[in-house]
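First the proteins, then the strands, lettered A, B, ... as listed; each starts at 1.
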Amino acid sequence: MSEFSNWDIIYNLLMAARWTVLLSLTAFVLGGLVGLLLLMARTAGGAWVKGLVRCYVELFQGTPLLMQLFIVFFGLPLIGLDISPWMAAMLGLTLFTSAFLTEIWRGCVEAIGKGQWEASTSLGMKFTQQMRYIILPQAMRIAVPPTVGFSVQVVKGTAVASIIGFVELTKAGTMITNATYAPFTVYGFVAVMYFLICYPLSLFAGYLEGKFRHVAR
Amino acid sequence: MAYKFDFGAIVPHWELLLDGVILTTELTVIGAVVGVGLGIMGAWARASRTPVISQIVGVYVELIRNTPFLIQLFFIFFGLPALGVKLTELQAAVLAMIVNLGAYSTEIVRAGIQAVPHGQIEAAQSLAMSRLQIFRYVIILPALQKIWPALSSQIVIVMLGSSVCSQIAAEELTFGANYIQALNFRAFEVYFIVTGIYLVMSILLRMVLKVLGNYLFERRRHV
């Protein structure tokens with residue numbers, strides 16, 4: 001039986017927390033890119049493209065993240081793709097993130113007045129130009145606070161990846177608990193670490209919200 | 001080596017899934033009712049004139065909102081026995097859901113309270129109503145009505161989040177799915193079907209909450 005001091009616990013958890021951060025960042029960036037594509041499809045596409053994107057969003061917002069990860073993790077091997085827990089977690093969280101960000105950003109694009117679209121159309125701008133020069137620069141300002149706020153959900157979502165066997169902060173906590181039989185201490189430290197990652201993001205989101213409030217009107 | 005899907009392999013175990021659906025529903029109902037109640041009390045305390053009370057509630061809200069539900073669950077189920085508080089899987093699951101929803105709904109209800117026009121509160125004060133009376137008769141219903149959609153979404157999120165309660169062996173829907181796939185190794189089929197069940201449940205729950213909201217706030221709409 002190995003002796004674990006509190007410092008050993010913290011050290012090991014910190015090592016594992018790097019994976020939590022990496023998974024969060026990857027899912028957030030890739031999810032943002034996919035979300036942007038979906039947003040374009042939803043804004044520019046025909047009725048059935050819009051319907052399709054709405055179904056996609058509904059599907060990911062209406063089912064547990066754990067089920068989404070299970071389906072990726074157990075489903076992809078069936079079509080011959082050998083997939084590691086890391087790949088499954090990354091893919092699942094990316095899809096999850098893209099659905100939520102698309103929905104958040106759709107609200108922001110819709111908040112831009114119709115006159116802006118009409119004015120830019122009358123200047124002969126194409127859709128890509130309208131988006132690039134007129135709509136997105138304005139929508140982005142209102143989109144920043146809720147997007148930062150959602151990043152907290154992504155970080156917390158990575159905890160679920162522990163269930164498909166990806167070793168990040170939560171999984172490391174479980175493993176250390178199994179070795180030390182000190183769940184109170186270990187999960188306490190784990191909670192503190194999540195808090196230290198998430199709370200600054202929450203504060204930042206709140207700060208941005210205050211700063212951009214006058215823009216939102 | 002094409003895999004042959006066999007969704008029929010799930011059929012013999014339908015009772016396990018039904019039990020899971022029932023338990024998930026029970027957890028959600030208890031969690032939602034007590035959790036929202038806790039949230040209303042939290043919002044009331046947050047508006048308290050004693051700074052200490054308001055700050056304690058503030059710390060609770062931030063702690064819960066910035067840590068994963070899974071960790072809260074593990075802490076309650078595995079950690080609390082160290083303090084002499086022993087809970088069964090179901091008690092731990094429902095407690096975690098209450099504590100979690102309580103924090104979120106504190107913030108949501110608080111936003112609703114802030115949206116109540118100040119003139120109405122001043123009018124109530126000039127009628128010599130006590131703080132509790134003002135809260136009960138003037139503030140809370142319009143506040144809840146205002147934030148009902150946000151509160152409904154949060155309740156759906158908690159229902160979906162309860163799927164991780166399978167990890168402490170609370171026998172809800174996901175636990176049933178895990179059990180079935182351990183019996184027949186049809187992991188994909190089981191999870192596919194259970195995902196569908198969750199989707200239907202979340203759509204139904206949203207409808208129920210909408211109807212409930214209409215019923216609760218009906219009186220006000222006719223005024």
Side-chain angles (χ1 to χ4, degrees), chain A residues 20 55 58-80 149 152-163 168-171 173-174 177-178 181-203 206, chain B residues 1-5 24 61-83 85 153 156-157 159-167 172-174 177-178 181 185-206:
Chain A
T20 293
C55 284
E58 180 69 25
L59 190 65
F60 281 93
Q61 293 195 336
T63 58
L65 175 60
L66 178 57
M67 286 299 129
Q68 296 159 19
L69 293 184
F70 273 160
I71 286 193
V72 171
F73 188 57
F74 291 106
L76 287 187
L78 300 187
I79 54 171
V152 176
Q153 308 299 325
V154 178
V155 175
K156 291 193 292 179
T158 60
V160 178
S162 65
I163 297 174
E168 38 63 76
L169 193 44
T170 302
K171 183 77 181 172
T174 307
T177 302
N178 290 340
Y181 304 110
F184 189 81
T185 324
V186 176
Y187 288 126
F189 281 137
V190 172
V192 168
M193 283 183 198
Y194 275 113
F195 187 79
L196 290 179
I197 300 172
C198 293
Y199 191 55
L201 288 172
S202 295
L203 283 182
Chain B
M1 42 148 261
Y3 179 84
K4 278 178 98 173
F5 291 98
T24 294
V61 168
E62 292 305 332
L63 268 183
I64 297 299
R65 293 208 312 166
N66 289 292
T67 50
F69 177 66
L70 186 57
I71 289 298
Q72 293 158 16
L73 186 69
F74 281 173
F75 192 80
I76 288 173
F77 185 65
F78 297 116
L80 284 191
L83 296 183
V85 186
S153 319
V156 173
I157 289 174
M159 191 267 280
L160 296 175
S162 75
S163 72
V164 301
C165 294
S166 56
Q167 291 307 299
E172 41 71 66
L173 184 52
T174 305
N178 292 344
Q181 73 98 11
F185 307 112
R186 293 287 176 182
F188 180 78
E189 286 91 334
V190 177
Y191 292 130
F192 191 80
I193 288 174
V194 169
T195 305
I197 297 178
Y198 271 115
L199 188 60
V200 171
M201 284 177 78
S202 70
I203 292 170
L204 284 179
L205 179 59
R206 235 173 278 164

Of the backbone (N, CA, C, O) and the side chain (C-beta and beyond), which part of A:Thr174 lies under 4.5 Å from a heavy atom of chain B, both, or neither? side chain
At what distance, to the nearest 0.5 angstrom, does CZ of B:Arg206 lie from CD of A:Gln61? 7.0 Å
Less than 4.5 Å to any heavy atom of chain A: does that hold for the side chain of B:Ser166, its backbone, both, or neither? side chain
Please round to the nearest 0.5 Å and tell me the distance separating atom CG of B:Asn178 and atom CZ of A:Phe70. 5.0 Å
So which part of A:Leu59 gets closer than 4.5 Å to some heavy atom of chain B, the side chain, the backbone, both or neither? both
Side chain, backbone, both or neither: which part of B:Gln167 has a non-hydrogen atom closer than 4.5 Å to chain A? side chain
Hey, could you give me the OH/CG distance between A:Tyr187 and B:Leu73, rounded to the nearest 0.5 Å? 9.5 Å
State the CG-CD distance between B:Leu160 and A:Gln68, to the nearest 0.5 angstrom. 9.0 Å
Closest heavy-atom contact between A:Ala191 and B:Thr67? O-CG2, 3.3 Å
Any side-chain heavy atom of B:Arg65 sitting closer than 4.5 Å to one from A:Val152? no
Scored by heavy-atom pairs under 4.5 Å with chain A, the best of B:Leu63, B:Asn66, B:Val156, B:Leu205 is B:Asn66
Any chance you could measure A:Leu66, atom CG, to B:Thr195, atom OG1, to the nearest 0.5 Å? 9.0 Å
Given that the side chain runs from C-beta out, which part of A:Gln153 has a heavy atom under 4.5 Å from chain B: side chain, backbone, both or neither? side chain
Is B:Leu70 close to chain A through its backbone or its side chain, or both, or neither, when contacts mean heavy atoms under 4.5 Å? side chain
Measure the shortest side-chain to side-chain distance between B:Phe74 and A:Thr170 over non-hydrogen atoms and say whether it is less than 4.5 angstrom. yes
Side chain from CB out, backbone as N, CA, C, O: work out which of these in A:Ser162 comes under 4.5 Å of a heavy atom of chain B, or both, or neither. side chain
Contact part of B:Ile197 toward chain A, heavy-atom cut-off under 4.5 Å: side chain, backbone, both or neither? neither
Is it the backbone or the side chain of B:Leu83 that comes under 4.5 Å from a heavy atom of chain A, or both, or neither? side chain
Mind checking the CG-NZ spacing from A:Leu78 to B:Lys4? Nearest 0.5 Å is all I need. 14.5 Å
What residue, out of B:Phe192, B:Tyr198, B:Tyr191, has the most heavy-atom pairs lying under 4.5 Å from chain A? B:Tyr191
Kindly indicate, with the supporting measurements, whether the criterion side-chain contact (heavy atoms from CB on, under 4.5 Å) is fulfilled by A:Thr177 and B:Phe78. CA-CA 9 Å; A:Thr177 302; B:Phe78 297 116; 5.6 Å; no
Taking the six-membered ring for Trp, is the centroid-to-centroid distance between B:Phe75 and A:Phe184 below 6.0 Å? yes
Comparing A:Gly75, A:Gly62, A:Gly157 against chain B, the one with the most heavy-atom pairs below 4.5 Å turns out to be A:Gly62
Give, as side chain, backbone, both or neither, the part of B:Phe5 having an atom under 4.5 angstrom from any heavy atom of chain A. side chain
